[in-house]
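When reading the values below, keep in mind they use all heavy atoms of this one structure, side chains included, and skip hydrogens, waters and symmetry mates. Numbered from 1 within each chain, the chains take letters A, B, ... in sequence-line order.
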Amino acid sequence: MKKRTFYSLIAIALVVAVIGYEFVLKKQEHSEIIEQGSNPKSNTNEFFLPTSTTGQIIHHEGYSLSYSEPHEQAEWVAYELKKSHLSNANYDRPYFEIDQAVKTGAAHWRNYKNSGYDRGHLCPAGDRKYNQNAHDETFLTSNISPQDHGFNSGIWNTLEQKVRYWASKYDGVFVVTGGVLTNDLKTIGEEHVAVPNQFYKVLIDVNSGKIKMIGFLMPHQNSKEPLYKFVVPVDSIEKLTGIDFFPQLGDAIETKLEASADYKDWSFK
DNA sequence: CTGTGCTAC
DNA sequence: GTAGCACAG
């Protein structure tokens, strides 16, 4: 081989290496935050979306979520429950489907079969009954977490119904809900879907004059205690989950609202 | 309302 | 896979 040809090959190799390296870097940058779906403003009037600790946010028509691949479920599901969303429509339950918008692959419903746990909705089907599509969309497995049946049909169901009551009474609320995802959880199924030990729900009402907020943290077991016993400061849930629930709020008001476990503004009738 | 599971095609 | 029905909290 001629010396000149040799150096030409070296030069070409260098160019290829640099381009390749840049390509990989670019790809990594993009993979840091995967975001699927349309702008959340089409989903919610305001931008009340929490931060993601997992880097994978997905917007559906009726709710948004942040998917945690290691736990095979959402770390949060967020949506606005307007008064006008409340409906007595009675849709048939569809089959659960894998959420194709989850690029890392959402769990299959078979993980839950004979596991002893319910496929517990995070955004309840009962909150999305304003049309068939919104209802059926809640049956994506990205919106599901393993829940004990007694818990799901008991205290958790009671809380979900109370949220609907508040949505009606206060003309709409923003809801964020999920399981507390840690690293030492029991799992079910071949894909190892984590079973949370606690579930949370955070609400904010911006439609009733002064902004009010409330947080609930529940052990993953049924309870006959009244709902208000589970009220905690929202920042205690943020500490547990690493999620910032309302980064859009001004710091001053956010700090004040999130530090409080005061529920006097929320009617528990 | 929240769900599971069995049977049959 | 899907439809129907019984069942449980």
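Geometrically, A/K212 engages A/Y170 in a cation-pi contact defined by less than 6.0 Å to the ring centre and at most 45° from the axis.
Contacts of A/K224 with the nucleic acid, taken as non-hydrogen atoms under 4.0 Å apart, are absent.
When the P atom of C/dA3 is taken as reference, atom OH of A/Y91 falls 17 Å away, rounded to whole Å. Counting to the nearest Å, the C1' atom of B/dG5 and the CZ atom of A/R93 are 13 Å from each other. As a whole-Å value, the separation of A/D127 CG from B/dT2 C1' is 12 Å. Rounded to a whole Å, the CG atom of A/N90 is 5 Å from the P atom of B/dC1. For the pair A/W109 CH2 and B/dT4 P, the interatomic distance rounds to 10 Å; values are reported in whole Å. The distance between atom CZ of A/F96 and atom P of C/dG1, rounded to the nearest whole Å, is 16 Å. The interatomic distance linking A/H220 (NE2) with B/dG3 (C1') rounds to 13 Å, in whole Å. One interatomic measurement links the two molecules: CD of A/Q147 to P of B/dT4, which rounds to 10 Å at whole-angstrom precision.
Here the rule is side-chain hydrogen bond (donor to acceptor under 3.5 Å, both in side chains) with A/H85, and of A/K129, A/R128, A/R164 only A/R128 fits it. Exactly one residue among A/V175, A/L140, A/D127 makes a side-chain contact (heavy atoms from CB on, under 4.5 Å) with A/Y63. That residue is A/L140. The side-chain hydrogen bond (donor to acceptor under 3.5 Å, both in side chains) test with A/Y117 is passed by exactly one of A/K186, A/H149, A/H220: A/K186.
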message: Generate the contact string for nucleotides 4-9 of chain C. Rules: B means base contact, S means sugar-phosphate contact only, - means no protein heavy atom under 4.0 Å.
response: ----BB

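The A/R164 side chain lies nearest to B/dT2 when the options are B/dG5, B/dG3, B/dT2.
Between A/Y200 and A/F245, the distance from one ring center to the other falls under 6.0 angstrom.
Dashed line: the shortest gap from a side-chain N or O of A/R110 to OP1 or OP2 of C/dG1 is under 4.0 Å. Between A/H121 and B/dT2 there is no side-chain polar atom (N or O) within less than 4.0 angstrom of OP1 or OP2.
When side chains are defined from C-beta on, A/V231 counts as touching A/I214, because their heavy atoms get closer than 4.5 Å.
Both A/Y112 and A/A89 sit near DNA chain B, but only A/A89 has its closest nucleotide nearer the 5' end.
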- prompt: Please walk me through it: do A/H108 and A/F96 pass ring-ring contact (aromatic ring centres under 6.0 Å, His included)?
  reply: CA-CA 8 Å; A/H108 195 284; A/F96 285 95; over 10 Å; no

